[in-house]
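Chain letters run A, B, ... following the sequence lines, proteins first, then strands; residues in each count from 1. Values reported hereafter were calculated over all heavy atoms of this structure, with side chains retained and with hydrogens, waters and symmetry mates removed.
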Amino acid sequence: MDFRFLGETFMTLLAALPLTLYLALVSSICGALGALVLALMRLSSARPLSLIARAYVFVFRGTPLLIQLFLIYYGLGQFRPSLQMLGLWPFFRDPIYCTIAALAMNTAAYGSEIVRGGLAAVPRGAVEAAIACGMSPGLRFRRVVLPLATRIALPAYGNELIVMVKATSLASTITIMEVTGIAGKLIAETYRTMEIFACAAAIYLLINFVLTRLVLTLEWWMSPDRTTRRVLEQIGETKVKVTA
Amino acid sequence: MTLMTSTRQNEPSAMPLPNDERPKKIEIEGLRKSFGKIEVLKGISLEACQGDVVAILGASGSGKSTLLRCLNFLETPDAGTLSICGERITMPASAKGRMIQVDRQTLIRIRTRAAMVFQSFNLWSHMTVLENVIEAPIQVQRRPRAVCVAEAEAVLARVGLAEKRHTYPAMLSGGQQQRVAIARALAMRPEVLLFDEPTSALDPELVGEVLTVMRSLADEGRTMLVVTHEMGFARHVSSRTVFLHQGLVEEEGPSADVFANPKSERFRQFIRRIEV
Ligand SMILES: Nc1ncnc2c1ncn2[C@@H]1O[C@H](COP(=O)(O)OP(=O)(O)OP(=O)(O)O)[C@@H](O)[C@H]1O
Ligand SMILES: [Mg+2]
């Protein structure tokens with residue numbers, strides 16, 4: 001084992017970490033908003049809206065992310081004149097934006113199913129109590145439905161975030177030099193596939209280690225009572241200090 | 001029910017005066033409600049004056065909950081005239097054409113003036129006891145936070161839960177949760193309280209603490225409509241009793257009279273069945 005080489009590789013790859021994090025973060029945020037909108041459309045009583053949401057989820061869940069990415073980056077290039085006319089070309093020419101678009105649209109599809117589950121699991125009684133004290137639909141959603149749905153959906157959504165972090169590695173296929181992209185470049189230069197990819201894998205593992213902890217901490221912080229908190233602590237995943 | 005033995009101080013409608021000067025808080029006439037093909041309420045008329053405590057009795061499925069839920073428009077009545085705390089609404093006589101939409105501000109006024117307490121408490125589990133109680137006063141009635149907090153602490157003290165204000169509902173017993181729900185209703189400064197079987201989801205040993213609170217509310221002259229299976233409450237606390245049968249008022253009158261000599265055979269059977 002060449003530990004010096006491993007160390008150097010690790011440091012080189014670490015330089016690409018911000019880009020990987022940027023891709024994951026921006027697409028997760030856009031994707032979460034999209035997921036919420038899709039879930040609301042899906043649950044709405046307006047049939048066209050619900051059908052559109054279902055079709056969207058069907059398409060984006062049923063096709064490979066890699067092909068979605070290629071379609072957006074390479075495929076849309078064919079429509080360059082029209083995109084230029086619409087002023088959208090600078091966006092679709094940029095591989096980073098294309099990656100974010102593909103990741104966000106993909107996670108929105110998966111996420112919407114999780115969010116829908118959360119929204120549907122909000123106790124009917126809590127909503128009725130909100131109606132009964134005169135809350136408008138908007139107020140009700142903001143103060144009662146969304147907070148409760150978030151707490152229900154969070155554990156499952158954490159999974160989706162982990163998937164997203166790993167999916168950013170696909171960006172390397174359209175010339176982006178994030179962690180996997182740099183790893184590929186190093187391998188082309190040195191042919192030391194094993195060490196380099198192991199380092200890359202370790203970096204993803206590290207990100208997801210931190211991410212898992214963040215989600216659990218959030219869950220702990222949001223859990224409405226200490227009983228749930230204690231269970232979370234017993235899972236052994238969190239060692240958050242209980243203050244007060 | 002040892003708890004129910006003392007009678008109310010002032011029993012205004014036990015002996016209805018010819019000219020009752022008290023303002024009418026609730027007046028319903030010809031209230032109808034169907035779910036699909038099943039007609040649940042078949043023309044209910046009901047009145048409650050200021051200070052009345054009306055017990056609503058009836059077998060399961062007789063439409064008690066539906067009646068109560070129509071009063072604050074948790075269900076939209078199909079027909080009838082409702083006058084709730086000064087808001088008068090006539091529902092379309094026949095379901096020809098669109099359902100009329102009750103205007104939002106009117107709805108808010110009705111719902112904050114007629115506060116509801118549910119069988120299953122329905123507290124908001126992500127909020128502390130205090131947050132549950134101040135939610136509607138701040139968010140719906142838009143009263144200043146400091147005032148709401150002070151009032152909330154007073155109503156919580158009133159239901160005996162002042163020291164629980166920073167606890168979450170999941171950590172309270174059923175009886176305590178229901179008392180929080182009552183405090184939450186009181187915090188809106190309602191003119192009428194609607195109770196839908198407030199003790200039915202409770203373990204027998206917890207029923208008493210909730211009934212005690214409800215009795216103290218009755219004693220201070222609150223207007224209350226109470227759907228209940230607690231015969232002790234109906235007999236000794238409520239001023240009037242309404243017995244529903246298959247969507248119609250089968251028996252109605254001052255509680256003392258109704259229980260002493262029931263006119264309807266069905267009501268007689270009902271009392272006998274429940275009070276064994
Ligand atoms: N949302 C609804 N959709 C369809 N049917 C309903 C609905 N709500 C109530 N019903 C029906 O209406 C009838 C009366 O129901 P309601 O809940 O008012 O009875 P209740 O007198 O409160 O009975 P209980 O003592 O069991 O609470 C029942 O047959 C019930 O099945
Ligand atoms: Mg009922």
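Environment of CZ in A/Phe58: sparse, with no more than 12 heavy atoms of neighbouring residues, nucleotides or ligands closer than 6.0 Å. More than 12 heavy atoms of other shown residues, nucleotides or ligands fall within 6.0 angstrom of atom CZ in B/Phe35. The local environment of OH in A/Tyr204 is crowded, with over 12 non-hydrogen atoms from other residues, nucleotides or ligands closer than 6.0 Å.
Heavy atoms only, all atoms of each residue included: B/Phe118 and A/Ala132 are closest at CZ-CB, 3.8 Å. When every heavy atom of A/Gly134 is checked against every heavy atom of B/Arg104, the shortest pair comes out as O-NH2, 3.4 Å.
Among A/Cys133, A/Ala130, A/Pro123, the residue with the largest count of heavy-atom pairs under 4.5 Å with chain B is A/Cys133. Across B/Ile108, B/Val140, B/Thr167, the residue that shares the most heavy-atom pairs under 4.5 angstrom with chain A is B/Val140.
Neither the backbone nor the side chain of B/Gln141 comes within contact range of chain A; no heavy atoms are under 4.5 Å apart. For A/Arg143, the parts sitting under 4.5 Å from any heavy atom of chain B are the backbone and the side chain alike. The contact between A/Ile131 and chain B is made by backbone and side chain atoms together, counting heavy-atom distances below 4.5 Å. Of the two parts of B/Arg69, only the side chain, counted from C-beta on, holds a non-hydrogen atom closer than 4.5 Å to a non-hydrogen atom of chain A. Neither the backbone nor the side chain of B/Leu107 comes within less than 4.5 Å of any heavy atom of chain A.
Within the 4.5 Å cutoff, the side chain of B/Gln139 has heavy atoms near those of the A/Arg142 side chain. Counting only heavy atoms from C-beta outward, the side chains of B/Ser120 and A/Glu128 never approach each other to under 4.5 Å.
Between the CG atom in A/Leu148 and the NE2 atom in B/His126 there is a gap of 5.0 Å [rounded to 0.5 Å].
Judged by distance alone, the side chain of B/Trp124 and the main-chain N or O of A/Val144 form no donor-acceptor pair under 3.5 Å.
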Would you give me the side-chain donor-acceptor pairs under 3.5 Å for residues 101-109 of chain A, sequence neighbours excluded?
from: A/Asn106; atom 1: ND2; to: A/Phe60; atom 2: O; distance (Å): 3.3
from: A/Asn106; atom 1: ND2; to: A/Gln68; atom 2: OE1; distance (Å): 2.9
from: A/Thr107; atom 1: OG1; to: A/Glu160; atom 2: OE2; distance (Å): 2.8

